[in-house]
J.: 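Here it is, the structure, as structure tokens.
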Amino acid sequence: MTQPIRVRMAPSPTGDLHVGSARTALFNYLMARRAGGAFVLRIEDTDAQRSDPAREAGIYDGLRWLGLNWDEGPDVGGPYGPYRQSERKDVHREAVQQLLANDDAYYDYTTAEERAAEREQQRAEGRPQRYSGIGRHFSAAEVAERKAAGVVPAVRFRAEPKPIQFDDIVIGSIRVGPDEVDDFVIARGDGSALYNMAVVVDDHHMRISHAVRGKDHVSNTFRQVLLYEALGWTPPAFAHLPLVVNRRRQKFSKRDGAQWVGEYRTNGYLPEALVNFLIFLGWAPGDEREIFSLAELVQEFRLERVNRADAVFDPQRLDHFNGVWIRRLDLGDLAERAWSYATAGGLKLSPDQRGYFRSALELEYERLSHLNRTAELMDFFFDDELVPDMRQVRYRRHSAAETAQALELVAALVDEAEPFDDPTLEARMRALASDLDWKAGDLFMPVRIAVTGRRATPPLFATMEVLGRQRCRERLQRALTGLAELATA
RNA sequence: GGGGCAUUCGUCUAGCGGCCUAGGACACCGCCCUCUCAAGGCGGAGAUCGCGGGUUCGAAUCCCGCAUGCCCUACCA
């Protein structure tokens, strides 16, 4: 009888979802979905300092935005709740009591000063810095004395010297010698459980089958294994993921770029792109495919194929995936997503412009690298006061005066072209260039600048078609005025 | 100081004893396409597989040392 697959994501409520956490969440999500198991969200807020339910919102938003939906959690409930560690103190306390009762743990009445002194001496002697268990040996009288002096005891696990070993799905067998794990604190003076204790208790009670987390927890795992053993519980399978690191191969942090998922959202990244990028930080399909949707990953992902070496977060690669995914979106979807970025970016859009927005966006498809660049890319479509700066034209082959004459002809052409569409405009403009004995490009660039105000745009005639006769005509007129001023200046 | 783990192009990775004179992708460079900018196509440069020993007919792949890096070493998580 195999246990159902139950995995969890256990972030601290920091206010937003870290990209490293997002990667861990993704791997867990994939595990769960592939096996038809459960993806549990547990908020680890045992540190009262940082605990604030309001700060969970960013975690939820980030996960939801990425499409990493959870089956059980503080907000949706579930059969093994509560899902906030701060609400599970009784369960933790009960387990601490059990360890105390079995003499697997003890109250430690040493003071912080005593422990610091011990560490200091060990350092001076060049010995490993470990808690020697001095608190184990106080007599009843000594304890009474310390109590009277106001010492509040912490609860320490009694770690007997013995080698500890566990099998990790990604790393393999990991072991540590008999003297490596000392008596560690499992509960504070006030009785509240510390991280390792809380994790073990919660993972057990939540029936977690696989603990999939960052490699930075390997050392903790040795302690947790001891706890499982003492409590008489079966530990979950462990899988420790390589870390997401910066260019200097250290833990990814602020100065390495945006570190929160929310920032990627506002910076115009698609969740599909972030997922696709993140999955390759520690995993690869084994063949040469590179583009994967979340749904495809559910089919392909195998924990067994996860790498062991840390992966550098390369923003350029993320950008590449973003472009790929933008181009994969169908126009309706893209328009819907880009709309809010466009207005946020300062474009004044009215609801009746949706059709126009969409037509314009269609032309910008392959030029849109990030959704938050929508406004800067498309503002000329919406600026009805646009005054083209004709100084942008390079008057090498043709003078400003000649250019003005040509634009007059173009204006006339714009007035009468029928229909006012891409092929008609192109045919007539090419004919005009030929009549003038100009190279087509020499004519198109001034027109482009006149009509869009910029040198880089989508193909000119498609752009003009979308802009419409009216706008093109007005802008051409303003360009002509500008050219005249330029001539007199 | 101690321990654990890791080490293939600048980066993400393929590779699990012979198919590797190491493949793909990003970035970079060049060419093509072309009305500009993109996108796309083609090509180039880029890794003596961290170093040194072994094992083997044969090693990026197995073993042992060394080096380097990262993580942990709290009454943080």
Side-chain angles (χ1 to χ4, degrees), chain A residues 10-14 44-47 49-50 85 108 112 115 119 122-131 152-156 168 171-172 174-177 179-182 184-196 198-199 214-223 240 242-243 245 247-251 277 279-291 307-321 323-324 327 363-369 377 426 429-430 433 439-445 447-449 452 454-461 463:
Chain A
S12 295
T14 49
E44 309 227 319
D45 56 351
T46 55
D47 183 358
Q49 317 282 10
R50 287 189 271 174
Q85 279 192 328
D108 177 18
R115 280 175 267 127
R119 274 199 297 270
Q122 287 166 339
R123 192 196 344 262
E125 294 171 10
R127 287 189 290 134
Q129 290 164 48
R130 280 191 196 84
Y131 179 72
V152 182
V155 180
R156 270 182 199 272
D168 189 283
I171 302 175
I174 312 177
R175 60 188 64 248
V176 88
D179 300 310
E180 298 309 326
V181 174
D182 58 11
F184 55 98
V185 178
I186 56 176
R188 296 185 178 86
D190 65 8
S192 61
L194 252 35
Y195 171 73
N196 281 305
V199 165
K215 223 169 57 169
D216 48 344
H217 286 293
V218 168
S219 310
N220 285 323
T221 306
F222 293 116
R223 298 189 179 82
H240 288 95
L243 266 20
V245 297
R247 249 182 303 284
R248 289 157 57 224
R249 301 211 162 264
Q250 292 156 341
K251 260 184 156 175
F277 169 72
I279 192 62
F280 274 95
L281 263 28
W283 176 89
D287 52 38
E288 292 182 346
R289 289 171 299 162
E290 298 265 337
I291 304 303
N307 293 142
R308 289 184 288 271
D310 295 342
V312 175
F313 188 103
D314 178 7
Q316 285 187 318
R317 195 168 155 81
L318 208 209
D319 286 345
H320 167 253
F321 280 120
V324 168
R327 277 170 253 127
L363 299 179
E364 298 284 10
Y365 240 102
E366 347 39 88
R367 269 156 287 264
L368 187 61
S369 62
L377 204 61
E426 172 153 17
M429 289 274 284
R430 285 193 187 280
K439 289 182 68 176
D442 289 343
L443 177 63
F444 296 175
M445 184 51 83
V447 174
R448 163 175 288 110
I449 291 168
T452 68
R454 51 177 79 185
R455 298 182 60 87
T457 73
L460 182 55
F461 310 109
T463 304

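Quick note on labels: first sequence line is chain A, next is B, and so on, each numbered from 1. Given the structure is predicted, the values throughout are model-derived calculations rather than measurements.
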J.: Under a 3.5 Å distance rule, please check whether A:Thr463 uses its side chain to pair with a backbone N or O of A:Pro459 as donor and acceptor.
T.: yes
J.: Compare every heavy atom of A:Gln85 with every heavy atom of A:Ala198, then report the nearest pair and how far apart it is.
T.: CB-NE2, 3.4 Å
J.: Which base sits across from B:rU34 as a Watson-Crick or G-U pair, both distances under 3.5 Å?
T.: none
J.: In whole angstrom, give the distance that lies between atom CG of A:Asp168 and atom P of B:rC5.
T.: 10 Å
J.: Can you work out whether A:Glu366 or A:Leu318 has the more 5'-proximal nearest nucleotide on RNA chain B?
T.: A:Leu318
J.: Taking atom P of B:rU13 as reference, at what distance in whole Å does atom CZ of A:Arg308 sit?
T.: 13 Å
J.: Categorize A:Pro11 for me: base, sugar-phosphate, or nothing, with a 4.0 angstrom heavy-atom threshold over every strand shown.
T.: nothing
J.: State, to 0.1 Å, how close A:Arg454 and A:Thr457 come at their nearest heavy-atom pair, and which atoms those are.
T.: CG-CG2, 3.5 Å
J.: B:rA77 and B:rC72: how far apart are their C1' atoms, nearest whole angstrom?
T.: 13 Å
J.: Using Watson-Crick or G-U wobble geometry with both distances under 3.5 Å, which nucleotide pairs with B:rA74?
T.: none
J.: Pick the C1' atom in B:rC33 and in B:rA6, then give their distance to the nearest Å.
T.: 46 Å
J.: So which heavy atom on A:Phe444 is nearest to which on A:Leu460, and how close?
T.: O-CD2, 3.5 Å
J.: Measuring from the side chain of A:His320 (C-beta onward, heavy atoms only), which nucleotide among B:rC26, B:rC5, B:rC35 has the closest atom?
T.: B:rC26
J.: Within this structure, what is the CG-to-P distance between A:Leu443 and B:rC35, rounded to whole angstrom?
T.: 13 Å
J.: Nearest-Å distance, CZ (A:Phe321) to P (B:rA25)?
T.: 12 Å
J.: Could you tell me how far B:rC71 sits from B:rC42 if I compare only their P atoms? Round to whole Å.
T.: 41 Å
J.: Counting only side-chain N and O atoms of A:Arg430, is one of them less than 4.0 Å from OP1 or OP2 of B:rC35?
T.: yes
J.: For the P atoms, the ones on B:rC5 and on B:rG18, what distance do you get once it is rounded to whole angstrom?
T.: 27 Å
J.: Picking from B:rA77, B:rG2, B:rG4, which would you name as closest to the side chain of A:Thr46?
T.: B:rA77
J.: Using a 3.5 Å distance criterion without hydrogens, assess whether the side chain of A:Arg317 forms a donor-acceptor pair with backbone atoms of A:Phe313.
T.: no
J.: Considering only the C1' atoms, how many Å lie between B:rA45 and B:rA27, rounded to the nearest integer?
T.: 13 Å
J.: Set out, line by line, the N/O atom pairs under 3.5 Å between protein and nucleotides 45-51 of chain B.
T.:
none

J.: For B:rC51 and B:rG41, measure between their P atoms and round to the nearest Å.
T.: 35 Å
J.: Taking the side chain of A:Val312 as heavy atoms from C-beta outward, which of B:rG1, B:rG3, B:rC12 is closest to it?
T.: B:rC12
J.: Rounded to whole angstrom units, what separation is found between the CD atom of A:Gln85 and the P atom of B:rC76?
T.: 14 Å
J.: Please determine, for B:rU56, whether a Watson-Crick or G-U wobble partner exists with both distances under 3.5 Å, and give it or none.
T.: none
J.: Please check this pair: side chain of A:Asn307 against backbone of A:Ala309, looking for a donor-acceptor N/O pair closer than 3.5 Å.
T.: no
J.: Figure out the CD/P separation between A:Glu180 and B:rG2, and round it to whole Å.
T.: 10 Å
J.: Whole angstroms only, please: what is the CD-P distance between A:Glu426 and B:rU36?
T.: 12 Å
J.: Do A:Asp108 side-chain atoms and A:Pro153 backbone N/O form a donor-acceptor pair below 3.5 Å?
T.: no
J.: Hey, does A:Phe280 reach any base, or is it just sugar-phosphate, or nothing, if we go heavy atoms under 4.0 Å?
T.: sugar-phosphate
J.: Report the nucleotide, chosen from B:rA39, B:rC12, B:rC5, that has the shortest atom-to-atom distance to any side-chain atom of A:Arg327.
T.: B:rA39
J.: When every nucleotide of nucleotides 61-75 of chain B is labelled 5' to 3' by its protein contacts under 4.0 Å (heavy atoms), B for base, S for sugar-phosphate only, - for none, what sequence of letters results?
T.: ---------SSSS-B
J.: How would you label the contact of A:Glu290 with the nucleic acid (heavy atoms, under 4.0 Å): base, sugar-phosphate, or nothing?
T.: base
J.: Quick one, A:Val199 and A:Glu44 - any side-chain contact, counting heavy atoms below 4.5 Å?
T.: yes
J.: Give me the distance, rounded to whole Å, that separates B:rC28 from B:rA67 when you measure between the C1' atoms they each carry.
T.: 31 Å
J.: Side chain of A:Asp314, heavy atoms from C-beta onward: which of B:rC37, B:rU11, B:rG3 has the nearest atom to it?
T.: B:rU11
J.: For the residue pair A:Phe321 and A:Phe280, does the interplanar ring angle fall in the parallel (under 30°), tilted (30 to 60°) or perpendicular (over 60°) class?
T.: parallel
J.: Nearest-nucleotide wise, let me know which of A:Ala10 and A:Gly282 is further upstream toward the 5' end of RNA chain B.
T.: A:Gly282
J.: Does some side-chain heavy atom of A:Arg119 sit less than 4.5 Å from a side-chain heavy atom of A:Arg123?
T.: no
J.: Across the strands shown, which category fits A:Ala309 at heavy-atom distances under 4.0 angstrom: base, sugar-phosphate, nothing?
T.: sugar-phosphate
J.: Pairing check on B:rA25: which nucleotide meets the Watson-Crick or G-U wobble criteria with it, both distances under 3.5 Å?
T.: B:rU11
J.: Expressed in whole Å, how much space separates the C1' atoms belonging to B:rC16 and B:rC62?
T.: 11 Å
J.: Classify the side chain of A:Arg317 and the base of B:rA25 as holding, or not holding, a donor-acceptor pair under 3.5 Å.
T.: yes
J.: For residues A:Arg448 and A:Thr452, is any side-chain donor paired with an opposing acceptor at under 3.5 Å?
T.: no
J.: For A:Pro285, which contact category applies under a 4.0 Å heavy-atom criterion: base, sugar-phosphate, or nothing?
T.: nothing
J.: Go through the N and O atoms of the side chain of A:Arg448 and the base of B:rC35, and report whether any donor-acceptor pair is under 3.5 Å.
T.: yes
J.: Does the separation of the ring centres of A:His217 and A:Tyr195 fall below 6.0 angstrom?
T.: yes
J.: In whole angstrom, give the distance that lies between atom CZ of A:Phe313 and atom C1' of B:rU11.
T.: 12 Å
J.: If pairing requires Watson-Crick or G-U wobble contacts with both distances under 3.5 Å, which nucleotide is the partner of B:rC5?
T.: B:rG69
J.: Under 6.0 Å from the six-membered ring centre of A:Tyr131 and within 45° of its axis: does the NZ or CZ of A:Arg156 meet both?
T.: yes
J.: Partner lookup for B:rG46, please. Criteria are Watson-Crick or G-U wobble with both distances under 3.5 angstrom; report none if nothing qualifies.
T.: none
